[in-house]
J.: 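Questions regarding the structure given below will be posed in turn.
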Amino acid sequence: MRTGVRAWFCGWFVVGALGSLGLLTVLTVGPYLLPVAIAAAVLLAVRRGSSAGLPGLVSGLGVPLLYVAFLNRDGPGNVCTATASGESCVDEFDPWPWLAAGTVLFLAGIVLALLLRRRTGGGGPALG
């Protein structure tokens with residue numbers, strides 16, 4: 001992947017991650033993250049050549065989903081841990097759907113970037 005394409009991929013990756021995180025946290029910090037993601041998307045969209053990195057948006061969407069899967073790794077159900085003052089219990093989601101969706105999105109963006117690179121005849125090593 002050429003250096004310019006790699007930079008566009010990373011920029012769109014951040015936009016995707018911010019947007020996904022904003023949607024997942026819409027009842028807490030999401031209303032603050034979503035305008036930042038939208039502004040960054042607009043700034044990238046008006047730049048010439050930035051569309052080459054659009055697959056990064058897809059990969060970025062998967063990262064917060066992978067984090068949710070990690071946070072719920074002991075679920076599903078009621079998970080208790082011992083603390084110094086007793087016991088703490090929390091309900092956790094099933095991590096597998098989050099892991100599957102996050103992995104599919106993350107890898108789909110990378111595969112799409114490689115396919116677009118091959119179609120446009122980009123030179124050099126794939127990701128190095």
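The basis for the numbers below is simple: all heavy atoms, side chains too, and nothing from hydrogens, waters or symmetry mates.
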J.: Considering non-hydrogen atoms only, spot the tightest contact between G75 and P95 and give its length.
T.: O-CD, 3.7 Å

J.: Given 3.5 Å as the limit, does a donor-acceptor pair link the side chain of R47 with the main chain of L44, or not?
T.: no

J.: Please name the pair of heavy atoms, one in P55 and one in G109, separated by the smallest distance, quoted to 0.1 Å.
T.: CB-O, 3.2 Å

J.: Considering all heavy atoms of both residues, which atom of G16 and which atom of L61 are nearest to each other, and what is their separation?
T.: O-CD2, 3.4 Å

J.: Determine whether L65 and F106 make a side-chain contact, defined as any pair of heavy atoms from C-beta on separated by less than 4.5 Å.
T.: no

J.: Do R6's NZ or CZ and the ring of F9 fall within the cation-pi criteria of under 6.0 Å and 45°?
T.: no

J.: For residues E92 and R73, report the shortest heavy-atom separation together with the two atoms involved.
T.: OE1-N, 4.0 Å

J.: If you compare all heavy atoms of G60 against all heavy atoms of P64, which two are closest, and at what distance to 0.1 Å?
T.: O-CD, 3.3 Å

J.: Once you round to the nearest 0.5 Å, how far does CG of L54 lie from CH2 of W8?
T.: 10.5 Å

J.: Applying a strict under-4.5 Å side-chain criterion to I, L, V, M, F, W and Y, I'd like to know whether V26 and L24 cluster together.
T.: no

J.: Among the clusters formed by ILVMFWY side chains lying less than 4.5 Å apart, do W96 and L66 turn up in the same one?
T.: yes

J.: Measure the spacing between CH2 of W98 and OG1 of T103 and express it to the nearest 0.5 Å.
T.: 13.5 Å

J.: Report yes if some heavy atom in the side chain of V36 is under 4.5 Å from a heavy atom in the side chain of Y32; otherwise report no.
T.: no

J.: In Å, rounded to the nearest 0.5 Å, how long is the span from CG of L99 to OH of Y67?
T.: 15.0 Å

J.: Quick one, D94 and N72 - any side-chain contact, counting heavy atoms below 4.5 Å?
T.: no

J.: With the 4.5 Å side-chain cut-off for hydrophobic clustering, are V58 and V15 part of the same group?
T.: no

J.: Check whether any side-chain heavy atom of P76 sits under 4.5 Å from a side-chain heavy atom of F93, and report yes or no.
T.: no

J.: Considering all heavy atoms of both residues, which atom of L23 and which atom of L34 are nearest to each other, and what is their separation?
T.: N-CD2, 4.0 Å

J.: Transitively linked via ILVMFWY side-chain contacts under 4.5 Å: L107 with F13?
T.: yes

J.: Drop me the distance from L18's CG to I38's CD1, to the nearest 0.5 angstrom.
T.: 11.0 Å

